[in-house]
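To keep things clear, I will list the structure first and then write my remarks on it.
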Amino acid sequence: MNLDLVSHNNKNIQTLKIFRFFLYSWVLIFYNTLGLNVEFFWGKNNFIPKITSHIFFGNSVINLFEYSFISNHPFFLIVLLDIFIIYNLIKLQNRFCPIIIYFLVVTLDARAYYILDGGNNLISLLLIYNIFFRISSDKKGGLSKFDSSLSNLSLLMSKIQICIVYFVAGHMKLNGNYWPNGTALYYTLSVSEISLSAARDFVKFINPIFLVLGAYSLLAYQLSFPWLVWFKQTRKYVLRIGIVFHLGIAFIMGLTFFGYALCVAYFVFYDEEEAREFIYRFGAINKKFKNLFEKANARLAIYSRKF
Amino acid sequence: MGNFKNKIGHLISLLSISLAVVIFLNHLICTLLYLAPKNPTSRLYREYVSRYMFPLFTQRWLLFAPEPQTSQIKFIYRCEIRGNWTEWKDPTYELIQRHQKNRLSYYGKEVYVFNAVARDLTDAQIIIRSSSDLETNKDIANAKRLFSTICLRDFSESSRFQFSVISLDAKNYSERMKAGFYGKMIKMDYPAIKI
């Protein structure tokens, strides 16, 4: 566990890089996907009532939807968000982009509050911590002690925040009715209309032992996550199980963006070495694709010459 | 002189780091108190904590805890075309089918909007006592606008529409083998409305 909070050189650069990349990828995918039907979610005549006292900013001056240009052209905000995200991914050191990105996300969320879930909530919290991340470029030398400690503390707080989410979820489930009696998975999968219909049948016909075992495993996972994720020996298993679990939520329960948001959050737990390895592997896959593409291009060129 | 400058620099960085640590600890303690079950400490600092946490750090862990959803609220509607009523339809049916086919789409979130509009009506327990209720209530006005748009989209000659809010309870686990997905159903009809 790296708790070196006051080093001049930020020792978490690779971790911050991949975390920011995946955090922004969630934002890009979410808002651009919903942007395909922008009028329904953010349009002037949509079916989400306007709230007079803004959820996030009581002051209407900074609620951009109060301005007629924005309420008539909400797609402009998504384009603006895309531009700032791409710019910030290129210029990782920029300190103002994360603030603007957070502000744009909160503004869009406040107008379409019907569609928000726990995933949006977690992403907006992580975007706040992202404001304080400092990714120094090697050319400009290290960071000031204040910047470095602020960045490290924000990263630590992001980790604690995710642990809190799991602990609160596990604790509340334990004190509920359906999780301790083992029937929670049946209700979760059979009531939600966006779950796969095969999953609905599955929980109906499956032996109750597996249903109880599933519910208890999930409880055990949520309650042990906040402890086991801090140790290198157990962390990789905890995160792998979590990724499988959340991809299951995404595709079986149909809560795609929620599942992806939790997978994104896991990147804060990567240490520098793991992050570097991840980037290396990602680069290797990228190279393979490039080679394949070049080969395919060359073959196409040969064929086109033949004909 | 150089030594003095160094000392001042060291002091400033120490102070700024201490400030960052204090801010961090304050945030951490407030988050913990905000999310912890009611206890003497959270009661004592409730006002400060809620002032600090709202609105930026509000945390609503709807999908994480504590109980699974055991009921569902949704709309059904029908439109009148030249004096004949269509069948009752679920406005989210097609959206759900599309979402099942493509998980990376916006259809699932559209379903959220329909269900939220229906939930607003039941949360407020709006019961139509007089015709003026239909005119004045904001939630009903929103639902009216929603279904007049849908009816006109589907049938340009629609003259009236009607919607109902239905609350569907999950079947108890012990009754899971009985036919149908849902157990108890409560239906709340709203009068037919002119477009």
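Here is how names work: the chains are called A, B, and so on, in the same order as the sequence lines, proteins then strands, and each is numbered from 1.
- Taking every heavy atom of both residues into account, T70(B) and Y187(A) meet most closely at CG2-CD2, 3.9 Å.
- Proximity to chain B is absent for every atom of I249(A), based on heavy atoms less than 4.5 angstrom apart.
- Contacts between N45(A) and chain B at a heavy-atom distance below 4.5 Å involve backbone atoms as well as side-chain atoms.
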side-chain contact (heavy atoms from CB on, under 4.5 Å), that's the test. Do Q100(B) and I194(A) meet it? Break it down for me. CA-CA 7 Å; Q100(B) 300 277 18; I194(A) 54 175; 5.6 Å; no

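- Counting heavy atoms from C-beta outward, F24(B) and L150(A) have side chains that stay 4.5 Å or more apart.
- Both the backbone and the side chain of V113(B) have a heavy atom closer than 4.5 Å to some heavy atom of chain A.
- Separation of the Y186(A) and Y173(B) ring centroids falls under the 6.0 Å cut-off.
- Heavy atoms closer than 4.5 Å to chain B are found in the backbone of I252(A), but not in its side chain.
- With a threshold of 4.5 angstrom between heavy atoms, F114(B) approaches chain A through side-chain atoms but not through N, CA, C or O.
- Residues meeting the side-chain contact (heavy atoms from CB on, under 4.5 Å) test with L44(B), sequence neighbours left out: none.
- T188(A) places none of its side-chain heavy atoms less than 4.5 Å from the side chain of Q69(B).
- Residue A250(A) touches chain B through its backbone alone, counting heavy-atom pairs closer than 4.5 Å.
- Residue contact with chain B, scored on non-hydrogen atoms closer than 4.5 Å, involves the side chain of I160(A) exclusively.
- Residue S154(A) does not touch chain B at all, counting heavy-atom pairs closer than 4.5 Å.
- Your options are S105(B), A143(B), G108(B), and the one with the most heavy-atom pairs under 4.5 Å with chain A is S105(B).
- Side-chain contact between I115(A) and E110(B) is absent, with no heavy-atom pair separated by less than 4.5 Å.
- At distances below 3.5 Å, at least one donor-acceptor pair connects side-chain atoms of E67(B) with backbone N or O atoms of N177(A).
- Within residues 27-37 of chain A, the residues having any heavy atom closer than 4.5 Å to a heavy atom of chain B are I29(A), F30(A), T33(A), L34(A), L36(A), N37(A), listed by residue number.
- Summarising the geometry of H99(B) relative to T256(A), their closest heavy-atom pair is CE1-OG1, 4.1 Å, with the distance given to 0.1 Å.
- Of the two parts of I96(B), only the side chain, counted from C-beta on, holds a non-hydrogen atom closer than 4.5 Å to a non-hydrogen atom of chain A.
- F47(A) has its side chain within reach of T149(B): a pair of non-hydrogen atoms, C-beta onward, lies under 4.5 Å apart.
- Residues L35(B) and F167(A) have side chains not in contact (no heavy-atom distance under 4.5 Å, counting atoms from C-beta outward).
- N172(B) touches chain A through backbone and side chain together, each having a heavy atom under 4.5 Å away.
- You'll find the side chain of K109(B) reaches within 4.5 Å of the side chain of D117(A), heavy atoms only.
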Chi angles and distances behind the side-chain contact (heavy atoms from CB on, under 4.5 Å) call for Y106(B), F40(A): CA-CA 10 Å; Y106(B) 56 78; F40(A) 186 83; over 6 Å; no

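- Within the 4.5 angstrom heavy-atom criterion, no atom of Y260(A) approaches chain B.
- Panel note: side chain R103(B), backbone F257(A); no donor-acceptor pair is recorded below 3.5 Å.
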